[in-house]
Amino acid sequence: MQIKCNVLDRQFQMYQREYEEAALRVLRSGWYVLGKEVEQFEEEFAAYTGRKYCVGLNSGLDALIMSVRALGIGAGDEVIVQANTYIATVLGITENGATPVFVEPDMYFNTDADQLEEAITDKTKAIMVTHLYGQASNMGQIAEIADRHKLAVIEDCAQSHGACFHGKMTGSFGISGCFSFYPTKNLGAFGDAGAVVTDDKEFADKIRMMRNYGSRIKYHNEIEGINSRLDEMQAALLRVKLSHLGELNQERVVLAERYTKGITNDKIVKPQTREGADSIFHQYVIRCKDRDRLQKFLAEHEIQTQIHYPVPPHLAECYRRLGHKAGEYPITEAYANEVLSLPIYTGMTWEEQDYVMEWLNQFYGI
Ligand SMILES: *Cc1c(COP(=O)(O)O)cnc(C)c1O
């Protein structure tokens, strides 16, 4: 049996008629960028996350870059960020000329709140939190520390659509919740798309202007903006998917529970969920000391896996100028050497999953 990391057409087939209707509606409308579908989606997604405003954008990276910019954070400022996040989170900071200050993750792969205070200086302006792999971060403690030091919280929710901390949606804690709708995400479009959610009207207005060349009224440019508009097609398709997101997330939770129950190999460390936090299992990430051999072993049996992420941002070639060294963030670096994301996707059959587990349990390691 051949098992891929992702089989994107299965989720299309599940709701094919609805997607096709939405696509035709847009094609026939004669209006293709920033229109009624985008407005509707923004309203629906704001309601879903429990926020007042949503601004649809081109990508998750844009959501991060624009959030930092709209807060006036730039050269000379520092933003704290977990060291094991995806490069895009860090690019959101450095694209604005600000400096990322890395902190180690906790045992749930999220920002270790106990590390924050030590990283705060008089230049710190914000804490950027990634709800990595779909699990909500420790938002109680993080929000408390941010409040006490008067720091903005920006949430990278690219992997956490619908995940909650004590019943409250990720993306509703900080001034800005940044979402990606890249096709592989839990709420994935059929192309690139992203959004910012917030309760702050001024902030929302600024992002809205910024996404369309800095103008509220066409050709009247108040600020130096960019083009990060969401198109009608993606918005219409996202509305269909959003209406099913509850069941889609639940399907992954069930698959994750099956992995947790079915994997019995003591060479493998299974992911844990924090008290009070939900995970929507964007990824199911195991750890193994002999990870590279395990990945190869699985590949020999036609099981595809991924590593999120093999090179932590502080050691990425593009950030050599920051002067970080190997060994500086030992927990992050150990994760980079040990993590492995197992196949988990909408429409994955139990038979496929049983096949993955069968081989996982037969791996003997060193
Ligand atoms: C996917 C992702 C992004 C970037 O989203 P794009 O839409 O691809 O720009 C940012 N942060 C994290 C954690 C992601 O997984």
Side-chain angles (χ1 to χ4, degrees), residues 5-6 8 41 45 54-69 79-96 100 102-103 105 108-111 126-137 139 153-163 170-171 173-174 176-197 207 210-211 226-231 234-235 237-238 241 249 252 271 279-285 306-314 316 318-319 332 335-336 339 341 344-345:
C5 288
N6 249 310
L8 287 173
F41 172 71
F45 196 63
C54 169
V55 185
L57 305 170
N58 233 318
S59 71
L61 175 60
D62 277 1
L64 293 161
I65 293 173
M66 292 160 81
S67 293
V68 170
R69 192 164 304 165
V79 178
I80 298 173
V81 63
Q82 72 199 64
N84 65 326
T85 190
Y86 182 46
I87 195 87
T89 322
V90 186
L91 285 169
I93 301 165
T94 58
E95 270 293 303
N96 288 291
F102 297 105
V103 293
Y108 309 100
F109 303 112
N110 285 328
T111 301
I127 301 170
M128 196 101 121
V129 176
T130 308
H131 305 293
L132 200 67
Y133 308 147
Q135 178 164 190
S137 303
M139 291 317 292
V153 173
I154 299 170
E155 298 175 70
D156 183 340
C157 305
Q159 304 188 1
S160 72
H161 320 73
T170 53
F173 291 89
S176 179
C178 302
F179 288 85
S180 163
F181 307 122
Y182 183 74
T184 59
K185 311 291 186 185
N186 284 42
L187 179 60
F190 293 75
D192 273 313
V196 157
V197 297
I207 299 279
M210 210 182 272
R211 78 169 167 189
I226 57 171
N227 172 0
S228 187
R229 297 178 298 228
L230 180 57
D231 65 70
Q234 298 309 333
L237 297 168
L238 280 167
K241 192 144 181 191
N249 281 344
R252 284 183 191 251
S279 178
I280 48 137
F281 288 96
H282 174 62
Q283 301 294 349
Y284 187 92
V285 179
Q306 284 178 289
I307 298 167
H308 298 104
Y309 300 91
V311 183
H314 72 280
C318 64
Y319 287 136
T332 297
Y335 285 172
V339 293
S341 305
I344 188 165
Y345 52 86

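All residue numbers in this chain count up from 1 along the given sequence. Numbering of ligands and ligand atoms starts at 1, following listing order.
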For Ala336 against Pro310, the heavy-atom pair lying closest together: CB-O, 3.6 Å

Interfacing atoms of ligand 1 (cut-off 4.0 Å, heavy-atom, Thr130): 13 (C)

Pair Gln82-Thr111, side-chain donor/acceptor within less than 3.5 Å: yes

Per-atom contacts, ligand 1 versus Leu61 - under 4.0 Å to a heavy atom: 4 (C), 5 (O), 6 (P), 9 (O)

Tyr86 N/O to ligand 1 N/O under 3.5 Å: no

Residue that, paired with Asp62, satisfies side-chain hydrogen bond (donor to acceptor under 3.5 Å, both in side chains) out of Ser228, Ser180, Ser67: Ser228

Validation row, ring centre Phe41 to ring centre Phe181 under 6.0 Å: yes

Shortest non-hydrogen contact between Arg252 and His282, atoms and distance: NH1-O, 3.1 Å

Side chain, backbone, both or neither: the part of Ala88 lying under 4.0 Å from ligand 1 by heavy atom: side chain

Atom indices of ligand 1 within 4.0 angstrom of Ser59 heavy atoms, with elements: 7 (O), 9 (O)

Ala316 versus Ile87, closest heavy-atom pair with distance: CB-CD1, 4.0 Å

Over all atoms of both residues, closest heavy-atom pair of Val68 and Met128: CG2-CE, 4.1 Å

Lys185 N/O under 3.5 Å from ligand 1 N/O: yes

Polar proximity ligand 1 side, Tyr182 side, N/O cut 3.5 Å exclusive: no

Nearest neighbour in protein (non-hydrogen) for atom 8 (O) of ligand 1: Ser180 OG, 4.0 Å

Nearest protein heavy atom with distance in Å, relative to atom 11 (N) of ligand 1: Asp156 OD2, 2.7 Å

